[in-house]
Number of protein chains: 2
Amino acid sequence: MPSARKTSQQADADVFTAIAHPVRRRILELLADQEQNVMSLSQPFAAEISRSAISQHLKILQDSGLVEVRKQGREHLYRLEVENLNEVYRWIQQYERFWTLKLDALGEYLENADKHGV
Amino acid sequence: MPSARKTSQQADADVFTAIAHPVRRRILELLADQEQNVMSLSQPFAAEISRSAISQHLKILQDSGLVEVRKQGREHLYRLEVENLNEVYRWIQQYERFWTLKLDALGEYLENADKHGV
DNA sequence: TTGACCTGTAAGCAATCGCTAACGTACAAT
DNA sequence: ATTGTACGTTAGCGATTGCTTACAGGTCAA
């Protein structure tokens with residue numbers, strides 16, 4: 001297997017818990033665009049929470065395996081490691097059939113609405 | 001629209017928080033099979049947590065809109081209302097491209113491994 | 001009615017969370 | 001060497017979580 005290497009740190013924290021906090025979700029979104037250091041990541045939240053808090057959130061994300069660090073000089077560059085989101089993805093996919101049912105119902109409704117002119 | 005009715009209760013609690021707890025996720029899974037009352041839902045956890053705790057978890061799921069109740073005699077029947085999982089689904093789908101990239105890389109790897117006979 | 005059943009809820013408690021402030025460390029710049 | 005920068009970590013705090021125990025309301029059976 002390609003990435004059988006555990007990249008030195010195993011995901012020992014719950015991913016569902018990691019993404020439960022809106023700030024942590026926002027951090028992941030920021031990292032989706034590009035690798036970033038802590039200062040850069042803290043800036044969007046500067047008005048609300050401190051850099052230290054962001055650092056602590058990053059620790060949680062790191063423990064859950066959703067993020068990895070690379071040290072470059074005095075800055076720590078964080079990048080998204082989305083593989084562990086797979087657990088959430090698979091869990092939620094198990095309810096996909098409910099959506100398709102809903103969508104079928106919606107489709108039927110729209111078709112009828114069209115027929116009867118609404 | 002078909003379900004413009006807010007079904008009497010709006011989702012005022014965070015869905016991400018609601019699914020963060022493993023017990024609550026398990027409850028949703030149990031409800032995916034069929035509508036169930038509290039006793040029946042509590043039974044799988046009986047060895048670990050009380051019925052009261054389950055009741056409190058159900059309250060949270062209800063507030064997040066993931067579950068709805070129907071009272072039948074002295075029992076309250078809970079059923080899955082999966083529509084609000086859509087928020088999570090859409091959020092996580094925004095990272096789907098990362099998976100496809102990973103899978104492409106895996107496919108390439110396997111192809112090469114095949115060619116070179118591993 | 002009385003009693004058993006099904007459930008929600010409140011009180012209370014230990015544990016955890018999320019934050020700030022303060023500190024220490026490592027690197028960079030001068 | 002000294003100063004400034006980037007970051008992690010700790011202590012401490014109030015708030016929240018997750019649970020149990022206890023109680024109260026509503027329903028069914030006798």
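Quick note on labels: first sequence line is chain A, next is B, and so on, each numbered from 1.
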Closest to side chain of [X], choosing from [options]:
| X | options | answer |
| --- | --- | --- |
| A:Ile49 | C:dT20, D:dT20, D:dA6 | C:dT20 |
| A:Val38 | D:dT20, C:dG8, D:dG8 | D:dG8 |
| B:His21 | D:dC19, C:dA4, C:dG8 | D:dC19 |

- Query: Which part of the nucleic acid does A:Tyr78 contact within heavy-atom distance under 4.0 Å: base, sugar-phosphate only, or nothing?
  - Reply: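 Touches sugar-phosphate only.
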Measure from [atom1] on [X] to [atom2] on [N] and round the result to the nearest Å.
| X | N | atom1 | atom2 | value |
| --- | --- | --- | --- | --- |
| A:Leu77 | D:dG8 | CG | P | 11 Å |
| B:Asn37 | C:dG8 | CG | P | 10 Å |
| B:Glu75 | C:dC6 | CD | P | 8 Å |
| A:Arg74 | C:dT30 | CZ | P | 10 Å |
| A:Gln72 | C:dC27 | CD | C1' | 12 Å |
| A:Lys71 | D:dC7 | NZ | C1' | 9 Å |
| B:Gln62 | C:dG8 | CD | P | 8 Å |
| B:Arg24 | D:dG18 | CZ | C1' | 9 Å |

- Query: At under 4.0 Å, does any side-chain N or O of A:His76 touch on OP1 or OP2 of D:dA6?
  - Reply: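 Looking at the OP1 and OP2 atoms of D:dA6, neither is under 4.0 Å from any side-chain N or O of A:His76.
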- Message: At a heavy-atom distance below 4.0 Å, what parts of residues 51-60 of chain B sit against DNA chain D?
- Response: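 Result for residues 51-60 of chain B: B:Ser52, B:Ala53, B:Gln56, B:His57, sorted by number.
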Can you confirm whether [X] sits close enough to [Y] that some side-chain heavy atom of one is under 4.5 Å from a side-chain heavy atom of the other?
| X | Y | result |
| --- | --- | --- |
| A:Val38 | A:Arg51 | yes |
| B:Ile19 | A:Ile92 | no |
| B:Leu41 | B:Asn37 | no |

- Item | Over all atoms of both residues, closest heavy-atom pair of B:Gln94 and B:Arg97 |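 For B:Gln94 and B:Arg97, the tightest heavy-atom pair comes out as O-NE, 3.9 Å.
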- Item | No-hydrogen, no-angle side-chain donor-acceptor test under 3.5 Å, A:Gln93 and B:Tyr89 |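 Per modelled atom types, A:Gln93 and B:Tyr89 side chains form no pair under 3.5 Å.
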- N-O pairing of A:Arg79 and A:Glu81 below 4.0 Å: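 Yes.
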- What class does the angle between the rings of A:Trp91 and A:Phe16 fall in, given that below 30° is parallel, 30 to 60° is tilted and above 60° is perpendicular?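 Geometry flag for A:Phe16 against A:Trp91: perpendicular rings.
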- Task: Assign each of A:Gly73 and B:Ser40 to its nearest nucleotide of DNA chain C by heavy atoms, then name whichever residue's nucleotide is nearer the 5' end.
- Result: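 Final value for this comparison: B:Ser40.
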